[in-house]
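To start, the structure under review is shown below, and the notes come after it.
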Amino acid sequence: MHMQSVQERAEAQSQHEQAQYTRGHQRIASELDKGYIMERDSEEVTTAYGLLPHGLFIGTPEPSASAADYVGRENGGVQSAAGVVRSDADMSAAVLNGSEAQYDPSIPVAEELLKSKLRSDPARLNRRYFDALSKSILEVVQQVRMGGGKSGRWEQERERLGGVVKTVRMIIESVFPGSTVHQVGSTVSGLALADADLDFTVLFPRGTNYTAVQCVERLAGALKLDGPFGEVKPLPRAKVPILKLKDMATGIRCDISFGNELALHNTKLLATYALLDHRVRQMTVFRELPSISLHPPESDLVTSVKHWVKRKGINFPVMGHPSSYCYTLLVINFLQRRNVIPSLQTLPPSGSGTVPERLLTTSSGSYNVYFHNEPDRLHEIWQTENEETVGELLLAFFKDFGTELDFVYKVSSVRTGGLLHKAEKNWSKDSANGRSGGGRIKHWMAVEDPFDLEQNLSSSVDRDMLHAIRGHFQVASKILCGATDLPASKSLGLETMGTAALARAVVEKICEECEPLKRGGVSGRSAAAFGGGVGRRGRKSKGIYLGE
Ligand code: GTP
Ligand code: MG
């Protein structure tokens with residue numbers, strides 16, 4: 001029998017180790033894709049490594065735990081958590097099994113793989129997390145949505161709103177005989193929060209010579225003398241003059257404008273977008289108010305940006321924030337750029353090859369108000385390949401607004417479904433091409449109205465305010481993706497949480513209530529750093545649509 005030399009034995013040993021190493025590598029690679037690794041000493045699981053969105057979890061599982069237990073339950077099957085490694089630096093110092101054991105250097109492959117995973121895009125890091133996040137968003141919505149859980153409440157709500165709509169109509173038609181009162185805004189488009197206001201615009205037959213300012217004053221006068229409205233606030237000098245009302249009995253607020261025929265068309269446009277994909281509704285509003293005329297209560301509830309901007313106090317046009325209408329368009333434009341939905345204004349009607357013009361002529365100009373308005377047949381000409389969940393899209397939107405969107409040069413354009421250059425529109429941050437009384441409008445932030453192409457809907461947002469608002473978006477995106485050095489994840493105790501609990505905590509954390517951002521006060525830079533703060537002192541807003 002051939003006796004192995006020492007050298008041969010060493011070589012065989014080395015080959016054996018190499019083979020083990022390679023097998024180990026393959027196993028780790030495949031398990032890592034599932035988000036976890038279970039180290040085994042013969043049959044017994046000794047150590048669990050789990051990739052969480054905010055880092056690598058290392059812990060000792062219960063003896064009976066299976067890999068599925070580990071990922072499936074909250075703290076799933078993990079007996080003691082040694083800590084979460086959030087960065088390359090932490091990695092070398094990671095402690096196993098409480099305070100004693102050091103990070104195991106015998107698995108260098110795992111270290112390399114885990115490091116590369118930690119460096120990879122967090123959005124892809126852990127699909128479970130984003131599924132849980134999306135579920136969590138919907139859970140919150142379920143709890144708070146109007147009529148949620150209790151049957152019959154939706155009907156009551158509809159009646160309550162319907163009553164106010166009827167009263168407003170009756171009063172206006174008696175003050176302005178021959179006029180027609182149209183409901184517009186989110187309660188019609190299906191993108192409303194539960195406490196949304198009711199928006200109306202009043203139209204007059206051709207040849208009527210009232211100005212909007214006269215109408216606001218006349219209706220305010222009539223309502224102050226008599227009527228069910230506790231608050232009657234005329235804003236005749238706003239860019240588009242409006243009358244604000246609050247119904248005493250129900251607390252419902254109403255905004256009434258005059259001759260804003262475009263609002264009818266842009267409301268229909270938003271309503272059509274809302275019907276295209278459940279993610280439009282989920283991304284836009286936090287809880288869906290069933291509209292009086294449109295969606296039934298079972299249609300997707302939903303969340304996100306509108307509720308969130310409200311919690312952060314960054315949705316008051318009178319304070320120099322973008323309006324609700326403007327945020328809605330920003331979400332739609334983001335979803336267009338992500339290929340979740342198309343631009344309806346660039347698609348022909350079904351069965352036709354050309355995109356027509358549909359001109360609306362009003363006293364302030366002519367507008368092309370055409371858009372593809374057959375959502376049921378859209379699939380014949382356009383399909384999405386985007387399958388991202390609401391959680392992923394929400395994170396991507398926060399990142400887009402917070403850091404990626406080039407606000408210096410770009411214009412968000414729902415009409416084209418993309419971004420335009422400010423230069424094309426002659427909208428620079430220093431330009432003075434505002435239409436409103438020759439006012440000097442600086443276009444720090446630019447959002448094109450889909451039909452009124454000369455209108456920058458965010459022209460009232462100044463530099464510091466934009467910076468401060470973006471700060472909020474940056475903080476939210478960091479929390480959502482569990483950025484590696486985020487103190488918030490520590491303060492939340494996220495290190496040892498299971499995925500579902502983590503997602504719930506994250507949603508709660510990003511929706512924490514803040515004071516409204518005011519003009520003046522701390523500088524934009526420090527405001528952005530803390531995700532709060534305010535804009536430049538003493539600046540007066542110009543060109544706010546629904547504001548003072
Ligand atoms: P919530 O009330 O917060 O749910 O939002 P909303 O979608 O109702 O938006 P908002 O109250 O800001 O505006 C109501 C409606 O007024 C919009 O849907 C538009 O139809 C119209 N509107 C708002 N701003 C403008 C504007 O600048 N120009 C025009 N033409 N219409 C506007
Ligand atoms: Mg509204």
Side-chain angles (χ1 to χ4, degrees), residues 146 161 164-165 168 182-203 212 235 238-246 252-274 280-281 283-292 294 302-311 313-319 321-332 360 362-365 367 369 371 414-415 434-436 441 446-461 541-547:
M146 191 164 286
L161 288 171
V164 178
V165 172
V168 169
H182 303 262
Q183 219 191 314
V184 294
S186 59
T187 51
V188 179
S189 66
L191 296 171
L193 303 181
D195 53 358
D197 57 6
L198 288 172
D199 300 290
F200 300 91
T201 193
V202 183
L203 301 181
L235 301 173
K239 186 171 163 193
V240 176
I242 57 165
L243 180 64
K244 283 181 168 287
L245 305 174
K246 186 173 171 191
I252 293 173
R253 294 177 184 280
C254 306
D255 282 351
I256 302 169
S257 65
F258 295 86
N260 186 4
E261 207 169 339
L262 272 183
L264 266 62
H265 296 272
N266 61 39
T267 297
K268 276 187 206 144
L269 178 70
L270 298 188
T272 311
Y273 276 118
V280 177
R281 298 188 293 276
M283 284 286 288
T284 310
V285 300
F286 202 95
R287 43 190 168 156
E288 182 165 302
L289 174 70
S291 103
I292 289 166
L294 277 175
V302 179
T303 330
S304 307
V305 176
K306 265 181 151 183
H307 174 69
W308 180 80
V309 296
K310 200 169 152 203
R311 300 288 294 175
I314 52 175
N315 66 332
F316 299 106
V318 286
M319 294 188 183
H321 310 156
S323 68
S324 222
Y325 174 57
C326 182
Y327 279 118
T328 303
L329 289 168
L330 277 163
V331 174
I332 289 175
L360 169 75
T362 72
S363 54
S364 48
Y367 309 94
V369 293
F371 64 91
V414 163
R415 173 179 60 98
R435 282 186 314 191
S436 53
I441 294 182
V447 178
E448 182 190 62
D449 185 88
F451 299 129
D452 184 358
L453 308 189
E454 282 181 47
Q455 195 187 0
N456 174 8
L457 295 169
S458 54
S459 59
S460 60
V461 181
S541 102
K542 294 220 167 69
I544 296 170
Y545 168 60
L546 296 173

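Just so you know, residue 1 is the first one in the sequence shown, and it goes up from there. Numbering of ligands and ligand atoms starts at 1, following listing order. Keep in mind that this is a model prediction, so the values were computed, not measured.
- Under 2.8 Å from the Mg ion (ligand 2), one finds the following protein N/O/S atoms: Asp197 OD1, Asp199 OD2.
- Across the listed options Val184, Thr187, Asn266, Asn266 owns the non-hydrogen atom lying nearest to atom 20 (O) of ligand 1.
- In this structure a side-chain-to-backbone donor-acceptor pair under 3.5 Å is missing from Tyr367 to Thr362.
- Taking 4.0 Å as the cut-off, Lys310 does not count as a neighbour of ligand 1 on heavy-atom distance.
- A heavy-atom distance below 4.5 Å is not found between the side chains of Leu198 and Val168.
- Per-residue contacts place Ser324 under 4.0 angstrom from the following atoms of ligand 1 (heavy atoms of the residue considered): 1 (P), 3 (O), 5 (O), 9 (O), 12 (O).
- Asp199 and Ser186 make their closest contact through OD2-N, 4.3 Å (heavy atoms, listed as atom of the first residue, atom of the second, distance).
- Contact annotation: the side chain of Val164 approaches that of Cys254 to within less than 4.5 Å [non-hydrogen atoms, C-beta and beyond].
- A donor-acceptor distance shorter than 3.5 angstrom exists from the side chain of Thr201 to the backbone of Asn260, with no hydrogens or angles considered.
- Below 4.0 Å from some heavy atom of Asp199 lie the following atoms of ligand 1, by number and element: 8 (O), 11 (O), 14 (C).
- For atom 2 (O) of ligand 1, the nearest non-hydrogen atom from the set Asn260, Asp197, Asp449 belongs to Asp197.
- Annotation for ligand 1: atoms under 4.0 Å from non-hydrogen atoms of Leu457 are 26 (C), 27 (O).
- Relative orientation of the His265 and Phe451 rings is perpendicular, given thresholds of 30° and 60° on the angle between their planes.
- A donor-acceptor contact under 3.5 angstrom links the side chains of Asn456 and Ser458, judged on distance only.
- Residues Asn266 and Tyr325 form a side-chain contact, since some pair of their non-hydrogen atoms from C-beta on lies under 4.5 Å apart.
- The ligand atoms of ligand 1 that sit less than 4.0 angstrom from a heavy atom of Thr267 are 18 (O), 20 (O).
- Between Leu264 and Leu203, some side-chain heavy-atom pair lies under the 4.5 Å cut-off.
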Exercise for the section: Kindly indicate, with the supporting measurements, whether the criterion side chain to side chain donor-acceptor pair (under 3.5 Å) is fulfilled by Ser189 and Thr267. Expected result: CA-CA 6 Å; Ser189 66; Thr267 297; over 6 Å; no

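- Comparing heavy-atom distances from atom 21 (C) of ligand 1 across Ser186, Ser458, Ala263, Cys326 singles out Ala263 as nearest.
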